[in-house]
**Student:** 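One structure coming up, written as structure tokens, with questions to follow.
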Amino acid sequence: MATLKKSTSHPYIPNTVPEVQQAMLEEIGVSDIEELYRMVPKELRLTGPLKVESALSEYELQRHVDRLLDRNRSAKETVCFLGAGCWQHFVPAVCDEINQRSEFVTAYAGEPYEDHGRFQALFEYQSLLAELVDMDVVNVPTFDWAQAASTALRMTGRITGRRTALLPATMHPERLRVIRNYLSPQMDCVLVDYEPSTGLLDMADLQAKLSADTATVYIENPSYIGHIETQGRDIAELAHAAGALFVVGVDPISLGLLEPPSRYGADIVCGDLQPLGIRMQYGGGQAGFIATRDEEQFVMEYPSRLFGIAQTAVEGEYGFGDVAYERTSFAKREKGKESVGTQTALWGITAGVYLALMGPHGMREVGETMIRQARYAADRLAELEGVRIRFQASAFKEFVVDFNGTGRTVSDINKRLLEHDIFGGKDLSGEFPAWGQCALYCVTEIHTKEDIDALAAALKAVL
């Protein structure tokens, strides 16, 4: 991080001419570039030149990277039961065909001078997703579910003028960290406990923590640990009685089967788009959405772009473009409610293709397949000695498997399962230490009865 003093400029980096840099520093009242990095701890700064080995040729670099990649064991060569925020679903070929078209291959939402239909494609995505979640307005996708939830909660803070958000104690720890960071310092996060036997929200604890400063109650359905929250309507009534808003985070692929949150009182719905035709990728393939009713108090609090359809000067002709652009940071710059830059528009188009292809009947069939397969897998694993399913509430595609009765750690079990070409469930012992040795298993429409039986047999051998 430390800046090396140079008297020459870099040919490919702008504003590196020493005189230009000095003029910029004087303009902002800083004497040295080092002052701009004062908030970075010294132990994290680079104090000398980068230790870069001799440069490889293009061919040598390609061989080196290929060798590294060959060490991986992907979900293509194994049967994978990992989920927890990045799930293996079937991706129809048409999703890849459309999202690899040159006019769409960018994260940018598009501009009129180079749009080539991207505005319309995103409008169609918004319309399809709005129908799925039973809301009126959907934004251009955020980076992921965590950002979508964070922004939704900040919206409730601005609408209500309050600063406390109540969230379930069972939510994804990584998502919670992002939310805490995103809401700080304007809003505080308070966790609501859960029922030990079911994992459902503890209604008494929720009621005790609601106050005149509660801006919102947030739940996830299905939850991070897999169960279906059946108390949604009661939670909404408690939140609204306290003058708070109700936000629900969802896995949208569940809504072909489960009732959309708007039907049980949600004011804002948010969630993840990755299950909708987007492949698992290391560091990519993530996108989030926010949906609300078509009411000014909600629409004007969206920081991200919204695309709509309108008539043009030519009779019978329609165009697509930004709705209420003046509320965004693009228009307000530093006075914007939140800063919004590059977003995951490509994944929105992909999700739109998936929804258009599947239709209502296809989405229902996928949901029914997953809930049936997950139930079969949970029953098979519960037959193993020392193994039990931790929570008894109905699950959608994920469930917590308790291995405490086996005397084995999840880490050891997962290592042994790899010998059978199986990725086991996500180890929860670090995230929820009070549960001991538990793992989150995920079963989707790609898992066959043979896959699940092979998992049960492999676990029996390992244990």
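No hydrogens, no waters, no symmetry mates; every other heavy atom, side chains included, goes into these values.
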**Student:** Between the side chains of E338 and R154, is the shortest nitrogen-to-carboxylate-oxygen separation below 4.0 Å, so that they form an ion pair?
**Tutor:** yes

**Student:** Taking the side chain from Q437 and the backbone from V410, do they hold a donor-acceptor pair closer than 3.5 Å?
**Tutor:**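 Yes; at least one donor-acceptor contact below 3.5 Å.
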
**Student:** Is the centre of the F307 ring less than 6.0 Å from the centre of the F123 ring?
**Tutor:**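 That pair fails the under 6.0 Å test.
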
**Student:** Checking E301 now: which residues fulfil salt bridge (charged side-chain N to carboxylate O under 4.0 Å, His left out) with it, not counting sequence neighbours?
**Tutor:** R158

**Student:** Looking at every heavy atom in both V323 and G308, which two are closest together, and how far apart are they?
**Tutor:**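 It is CG2-N, 3.5 Å.
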
**Student:** Which atom pair, heavy atoms only, marks the closest approach of A331 to E326?
**Tutor:**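 Residues A331 and E326, closest heavy atoms: CB-CA, 3.8 Å.
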
**Student:** How many angstroms lie between CD in E124 and CG in L129, if you round to the nearest 0.5 Å?
**Tutor:**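 Here the interatomic distance stands at 13.0 Å.
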
**Student:** Do R279 and D96 make a side-chain contact, defined as non-hydrogen atoms from C-beta onward lying under 4.5 Å apart?
**Tutor:** yes

**Student:** Distance from R390 atom CZ to N404 atom CG, nearest 0.5 Å?
**Tutor:** 7.0 Å

**Student:** Is there a donor-acceptor contact under 3.5 Å from the side chain of Y302 to the main chain of T292?
**Tutor:** yes

**Student:** Just say parallel, tilted or perpendicular for the rings of F81 and H447, cut-offs at 30° and 60°.
**Tutor:** parallel

**Student:** Would the number of heavy atoms belonging to other residues, nucleotides or ligands and lying under 6.0 Å from CZ of R101 be above 12?
**Tutor:** no

**Student:** Counting distance only, does the side-chain N/O of S329 pair as donor-acceptor with the main-chain N or O of K332 below 3.5 Å?
**Tutor:**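 It does not hold such a pair.
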
**Student:** Tell me whether the rings of Y441 and F399 are parallel (<30°), tilted (30 to 60°) or perpendicular (>60°).
**Tutor:**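 Y441 and F399: parallel rings.
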
**Student:** Measure the spacing between SG of C95 and CE of M358 and express it to the nearest 0.5 Å.
**Tutor:** 9.5 Å

**Student:** Quick test of your reading of the model: are R388 and D402 salt-bridged, counting only N-O distances below 4.0 Å?
**Tutor:** yes

**Student:** Checking side chain to side chain donor-acceptor pair (under 3.5 Å) for the pair E431/Y224: CA distance, chi angles, key distance, verdict?
**Tutor:** CA-CA 12 Å; E431 296 177 350; Y224 170 58; 2.6 Å; yes

**Student:** Answer yes or no: is there a donor N or O on one side and an acceptor on the other, between the side chain of D66 and the main chain of R63, under 3.5 Å?
**Tutor:** no

**Student:** Measure the shortest side-chain to side-chain distance between F391 and S197 over non-hydrogen atoms and say whether it is less than 4.5 angstrom.
**Tutor:**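 No - every pair of side-chain heavy atoms lies 4.5 Å or more apart.
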
**Student:** With a 6.0 Å cut-off (strictly less than), is the heavy-atom count around CD of E131, excluding the residue itself, greater than 12?
**Tutor:**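 Incorrect, the count does not exceed 12.
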
**Student:** Once rounded to the nearest 0.5 Å, what's the spacing between atom CD of E334 and atom OG of S339?
**Tutor:** 10.5 Å

**Student:** Just to verify, which of D134, V250, V133 counts as forming a side chain to side chain contact (heavy atoms under 4.5 Å, CB included) with P261?
**Tutor:**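 The single option meeting the side chain to side chain contact (heavy atoms under 4.5 Å, CB included) with P261 is V250.
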
**Student:** Can you list the steps and then say if I371 with L257 is a side-chain contact (heavy atoms from CB on, under 4.5 Å)?
**Tutor:** CA-CA 9 Å; I371 203 167; L257 186 63; 3.8 Å; yes

**Student:** Counting N and O atoms only, with roles assigned by atom type, does the side chain of T78 sit under 3.5 Å from a partner on the main chain of C80, one being a donor and the other an acceptor?
**Tutor:** no

**Student:** Show me the pairs that pass salt bridge (Lys or Arg N to Asp or Glu O under 4.0 Å) and involve residues 167-196, at least two apart or across chains.
**Tutor:**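 The answer is R163-D188, R175-E220.
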
**Student:** Suppose the criterion is salt bridge (Lys or Arg N to Asp or Glu O under 4.0 Å): which pairs have a residue in residues 344-364, not counting sequence neighbours?
**Tutor:** R364-E368

**Student:** Who are the side-chain hydrogen bond (donor to acceptor under 3.5 Å, both in side chains) partners of D202, not counting sequence neighbours?
**Tutor:** none

**Student:** Tell me whether the count of non-hydrogen atoms from other residues, nucleotides or ligands lying under 6.0 Å of CD in E97 goes above 12.
**Tutor:**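 No, not enclosed.
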
**Student:** Looking only at heavy atoms, which two atoms of V137 and D294 are closest? And how far apart?
**Tutor:**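 The answer is CG2-CA, 3.8 Å.
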
**Student:** Taking the side chain as C-beta and beyond, is there a heavy-atom pair between I389 and V400 under 4.5 Å?
**Tutor:** no

**Student:** Is any side-chain heavy atom of Q286 closer than 4.5 Å to a side-chain heavy atom of D272?
**Tutor:** yes

**Student:** Measure the shortest side-chain to side-chain distance between N99 and V105 over non-hydrogen atoms and say whether it is less than 4.5 angstrom.
**Tutor:**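 When only atoms from C-beta onward are counted, V105 and N99 do not touch, as no gap falls below 4.5 Å.
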
**Student:** Could you grab the distance from atom CG of N414 to atom CZ of R416, nearest 0.5 Å is fine?
**Tutor:** 12.0 Å

**Student:** Going through the distances and angles, do D412 and T409 end up as a side chain to side chain donor-acceptor pair (under 3.5 Å)?
**Tutor:** CA-CA 5 Å; D412 179 54; T409 66; 5.1 Å; no

**Student:** Under 3.5 Å, is there a donor-acceptor pair between the side chain of R327 and the main chain of A324?
**Tutor:**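 Indeed, once roles are kept as given, a pair shorter than 3.5 Å links the two residues.
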
**Student:** Verify the ring-centre separation between Y354 and W347: is it less than 6.0 angstrom?
**Tutor:** no

**Student:** Tabulate below the donor-acceptor pairs under 3.5 Å that side-chain atoms of residues 234-247 make, not counting sequence neighbours, or state none.
**Tutor:**
{"residue": "H240", "atom": "ND1", "partner": "A236", "partner atom": "O", "Å": "3.3"}
{"residue": "H240", "atom": "NE2", "partner": "D267", "partner atom": "OD2", "Å": "2.8"}

**Student:** Can any side-chain N or O of R380 pair as donor or acceptor with the backbone N or O of A457 at less than 3.5 Å?
**Tutor:** no

**Student:** With no hydrogens and no angle check, is any side-chain donor or acceptor of D322 less than 3.5 Å from a backbone partner on Y325?
**Tutor:** no

**Student:** Strictly distance-based, threshold 3.5 Å: is any side-chain N or O of T214 a donor or acceptor partner for the main-chain N or O of T216?
**Tutor:**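 Absent.
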
**Student:** Is the NZ or CZ atom of R305 positioned over F330's six-membered ring, under 6.0 angstrom from the centre and within 45° of the axis?
**Tutor:** yes

**Student:** Main chain of S74, side chain of N72: is a donor-acceptor contact present, judged purely on distance under 3.5 Å?
**Tutor:**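 No; judged by distance alone, with no hydrogens or angles, the pair does not exist.
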
**Student:** Test side chain to side chain donor-acceptor pair (under 3.5 Å) on Q392 and T198; report intermediate values, then the result.
**Tutor:** CA-CA 5 Å; Q392 299 309 309; T198 63; over 6 Å; no

**Student:** Pick from N221, L258, V248: which one makes a side chain to side chain contact (heavy atoms under 4.5 Å, CB included) with E229?
**Tutor:** N221

**Student:** Please say whether more than 12 non-hydrogen atoms of neighbouring residues, nucleotides or ligands are located less than 6.0 Å from CD in E259.
**Tutor:** yes

**Student:** With the threshold set at 4.0 Å, does a side-chain nitrogen-carboxylate oxygen contact exist between K397 and E445?
**Tutor:**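 Judged by the 4.0 Å cut-off on N to carboxylate O distance, K397 and E445 do not form a salt bridge.
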
**Student:** With a 4.5 Å heavy-atom cut-off, do L167 and V190 have their side chains touching?
**Tutor:** no

**Student:** Tell me, which pairs form a salt bridge (Lys or Arg N to Asp or Glu O under 4.0 Å) where one or both residues lie in residues 75-91, sequence neighbours left out?
**Tutor:**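 Sorted pair list comes back empty.
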
**Student:** Give the minimum heavy-atom separation between T156 and M187, together with the two atoms involved.
**Tutor:**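 The answer is OG1-CE, 4.3 Å.
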
**Student:** Out of V192, L210, L191, which one pairs with D205 under the side chain to side chain contact (heavy atoms under 4.5 Å, CB included) rule?
**Tutor:** V192

**Student:** Rounded to the nearest 0.5 Å, what separates atom CE in M370 from atom CZ in R375?
**Tutor:**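 Here the rounded value is 16.0 Å.
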
**Student:** Flag the pair T344 / T142 as yes when at least one side-chain heavy-atom distance between them is below 4.5 Å, and no otherwise.
**Tutor:** no

**Student:** Going by distance alone, is a donor N or O of one side chain under 3.5 Å from an acceptor N or O of the other, for T448 and D451?
**Tutor:**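 Yes, because at least one side-chain N or O of T448 sits under 3.5 Å from a partner of the opposite role on D451.
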
**Student:** Where do T160 and A215 come nearest, in terms of heavy atoms and distance?
**Tutor:**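 Nearest heavy atoms, T160 then A215: OG1-CB, 3.4 Å.
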
**Student:** Does the side chain of F403 come within less than 4.5 Å of I413's, by heavy atoms?
**Tutor:**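 Yes - at least one pair of side-chain heavy atoms lies under 4.5 Å apart.
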
**Student:** Please report the shortest heavy-atom distance between R162 and D213, naming the atom on each side.
**Tutor:** CB-O, 3.3 Å

